[in-house]
Amino acid sequence: MQPDRLRRSKKAYTTRSVAARVEAAPRGYALLDGPDVVPRPGDVVLARVERLGMHTRLESPVSRRQALFAGDEVLVAYGHRYAPDQFEAEVPDDLRPVHLVAAGGVAALVTAKHAKISDATLLQPLGLLADARGVVTLSRCAPRALTAEPSPRADGPTVIAVLGTSMNSGKSTAVASLIRGLVRSGLRVCAGKATGTGAGGDPNSFTDAGAAAVLDFTDFGFPTTFRLEHDQVRALLLSVVDGLSGPDVDVVVVEIADGLYQRETAALVADPVFSRVVDHVVFAADGAAGAIGGVELLRRRGVPVAAVSGVLTSAPLAMREVRSALEVPVVETSALTEPDVLEGVL
């Protein structure tokens, strides 16, 4: 493969570890194609943009939103996608045309979509990227490896997990607000995202809020966590927390993507290790019924809920409904940045 062609391709955020290697040494790569090539989640693929749809921009390795044009060649990663407000998509078993199902650079075949969104941008895979060792995968190039069974120290930092009713319930905003409030309290805070779909927006917002270090599942070579085996999801939670738990860290805040009934999230919350690792939960909800049901479900799982926050706190009536049904504090997302509020909740 011509080095200039690979260099000119638009690289995705999910492929940033691969992109750095290509930039440093662009020679020695080839494309694997043909009917016998079977892509797998995490495989890196060079694809051509055939038709623009919902995603008209591709997030770069440094989180710049690159404009896409029909005919562009892009370097993205195969991965399953779970997004009730957008797409459900799966990795096909051949190099048939697929879709750009996440702006961070995830290629998959759409199997369902929300009625109110546009069709996905169409990609034609040109071949899996390969080097002398075989197919280039995100896990092989990842800066971190999963630890089989990390054990947080007894005197380690306090761990706060943020969960929610669904995507767009306010989880990431709650995490950033928590970080800000804890840093303003004089604490050293690190933050991570254990599950979800690869994108740079959330990690960057955690850094902007004051997190001393940030990790997420993409640092371990996963473009998404949908359809991962439970042992892998469990290891991701433990590895993210362990990787952020330095001797001078006071608090680790970690986001768990999607809703409580999403398969991977449900299994993780039900796992006894979750309650063993997590000291407090802030639950983000987009409505009163979801908040009440979510807190009750977490209680049945033995998970400590310190506060309810999220999108619902923009509606005073919804907050009133939750307060009438639960004894858990309901805290406006913006108030999580206030040290005195956090002291009362945590």
Side-chain angles (χ1 to χ4, degrees), residues 152 156-182 185 187 189 191-196 233-234 237-238 240-241 250-346:
T158 298
V159 177
I160 303 171
V162 177
L163 292 87
T165 51
S166 64
M167 68 180 298
N168 297 326
S169 59
K171 297 184 296 297
S172 298
T173 305
V175 170
S177 298
L178 274 169
I179 294 166
R180 190 65 176 172
L182 292 164
S185 300
L187 301 173
V189 183
K193 190 166 182 175
T195 64
V233 178
R234 183 177 184 269
L237 172 66
L238 293 168
V240 167
V241 171
D250 299 303
V251 182
V252 171
V253 184
V254 59
E255 178 181 347
I256 310 297
D258 303 312
L260 291 179
Y261 290 100
Q262 195 268 355
R263 189 190 72 172
E264 288 77 30
T265 302
L268 185 60
V269 170
D271 193 315
V273 77
F274 187 86
S275 295
R276 177 166 63 84
V277 171
V278 173
D279 298 297
H280 305 287
V281 164
V282 172
F283 188 68
D286 54 3
I292 296 165
V295 170
E296 292 299 334
L297 175 60
L298 290 169
R299 280 177 170 169
R300 291 197 298 272
R301 295 282 188 267
V303 175
V305 180
V308 169
S309 191
V311 172
L312 79 85
T313 64
S314 62
L317 295 181
M319 293 176 66
R320 187 187 306 166
E321 290 173 2
V322 176
R323 284 171 173 154
S324 69
L326 298 175
E327 296 179 358
V328 175
V330 182
V331 183
E332 293 183 42
T333 305
S334 59
L336 294 172
T337 64
E338 301 297 331
D340 57 337
V341 172
L342 292 184
E343 184 178 357
V345 171
L346 302 174

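Because only heavy atoms are used, hydrogens play no part in the values below, and waters and symmetry mates are left out as well, while side chains stay in. Just so we're clear, the structure is a prediction, and the values are computed from it rather than from any experiment.
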statement: For Thr173, the side-chain contact (heavy atoms from CB on, under 4.5 Å) test, sequence neighbours excluded, returns Ser177, Thr333
- line: To the nearest 0.5 Å, atom CZ of Phe283 lies from atom CG of Leu260 at 4.5 Å
query: Is any side-chain heavy atom of Pro329 closer than 4.5 Å to a side-chain heavy atom of Val308?
result: no
message: Within the 4.5 Å heavy-atom criterion, are Ser172 and Lys193 side-chain neighbours or not?
response: yes
- prompt: Does the side chain of Thr313 reach to within under 4.5 Å of the side chain of Val331, using non-hydrogen atoms?
  reply: no
field: Residue pair Ser275 / Gly302: nearest heavy atoms and the distance that separates them
entry: OG-O, 3.3 Å
- line: Residues passing the side-chain hydrogen bond (donor to acceptor under 3.5 Å, both in side chains) test with Thr265, sequence neighbours excluded, are Gln262
- request: Quick one: list whatever passes salt bridge (charged side-chain N to carboxylate O under 4.0 Å, His left out) with Glu338, sequence neighbours left out.
  value: Arg184
query: In chain order, what residues pass the side-chain hydrogen bond (donor to acceptor under 3.5 Å, both in side chains) check against Thr195, with sequence neighbours excluded?
result: none
message: Pair Val252, Ile160 - check side chain to side chain contact (heavy atoms under 4.5 Å, CB included), show working.
response: CA-CA 6 Å; Val252 171; Ile160 303 171; over 6 Å; no
- line: Across all chains, not counting sequence neighbours, the salt bridge (charged side-chain N to carboxylate O under 4.0 Å, His left out) partners of Lys171 are none
- prompt: Side chains of Thr158 and Asp250: does their closest heavy-atom pair fall under 4.5 Å?
  reply: no
- line: Closest non-hydrogen atoms of Ser169 and Thr165, given as atom of the first, atom of the second and distance, are CB-OG1, 3.5 Å
- request: Supply the atom-to-atom distance Leu346 CG to Leu178 CG, rounded to the nearest 0.5 angstrom.
  value: 6.5 Å
field: side chain to side chain contact (heavy atoms under 4.5 Å, CB included) evaluation trace for Tyr261 with Leu297
entry: CA-CA 10 Å; Tyr261 290 100; Leu297 175 60; 4.0 Å; yes
query: Do Val269 and Val303 have side chains that get closer than 4.5 Å, going by heavy atoms?
result: yes
- request: Can you measure from CZ (Arg180) to OG (Ser185) and round to the nearest 0.5 angstrom?
  value: 11.0 Å
With sequence neighbours excluded, residues passing salt bridge (charged side-chain N to carboxylate O under 4.0 Å, His left out) with Glu264: none
- prompt: Which atom names give the shortest non-hydrogen contact between Gly181 and Pro339, and what distance separates them?
  reply: O-CG, 3.9 Å
Pairing residues for Asp286 by the salt bridge (charged side-chain N to carboxylate O under 4.0 Å, His left out) criterion, not counting sequence neighbours: none
message: To the nearest 0.5 Å, what is the distance between CG on Asp271 and CZ on Arg234?
response: 5.0 Å
- request: Any chance you could measure Thr337, atom OG1, to Leu182, atom CG, to the nearest 0.5 Å?
  value: 10.5 Å
- prompt: Rounded to the nearest 0.5 Å, how far does CG of Leu342 lie from CG of Leu187?
  reply: 9.0 Å
- request: Would you name the heavy atoms of Ile256 and Ala194 that are closest together and state the gap between them?
  value: CD1-CB, 3.9 Å
- prompt: Excluding sequence neighbours, so at least two apart, what forms side-chain hydrogen bond (donor to acceptor under 3.5 Å, both in side chains) with Asn168?
  reply: Asp85
message: Under the salt bridge (charged side-chain N to carboxylate O under 4.0 Å, His left out) definition, can you give me all pairs with a residue in residues 306-334, not counting sequence neighbours?
response: none
- line: Arg299 meets the side-chain contact (heavy atoms from CB on, under 4.5 Å) criterion, sequence neighbours left out, with Val295, Glu296, Leu326, Val328
field: Closest non-hydrogen atom pair, Ser309 against Val282
entry: CB-CG1, 4.2 Å
message: My understanding is that only residues two or more places apart in sequence, or in another chain, count here; which of them pass side-chain contact (heavy atoms from CB on, under 4.5 Å) with Ala161?
response: Leu163, Val254, Phe274, Val278, Val281
- line: Between Ala318 and Ala288, the two heavy atoms sitting closest are O-CB, 3.9 Å
- line: Those residues at least two apart in sequence (or on a different chain) that pass side-chain hydrogen bond (donor to acceptor under 3.5 Å, both in side chains) with Asp279 are none
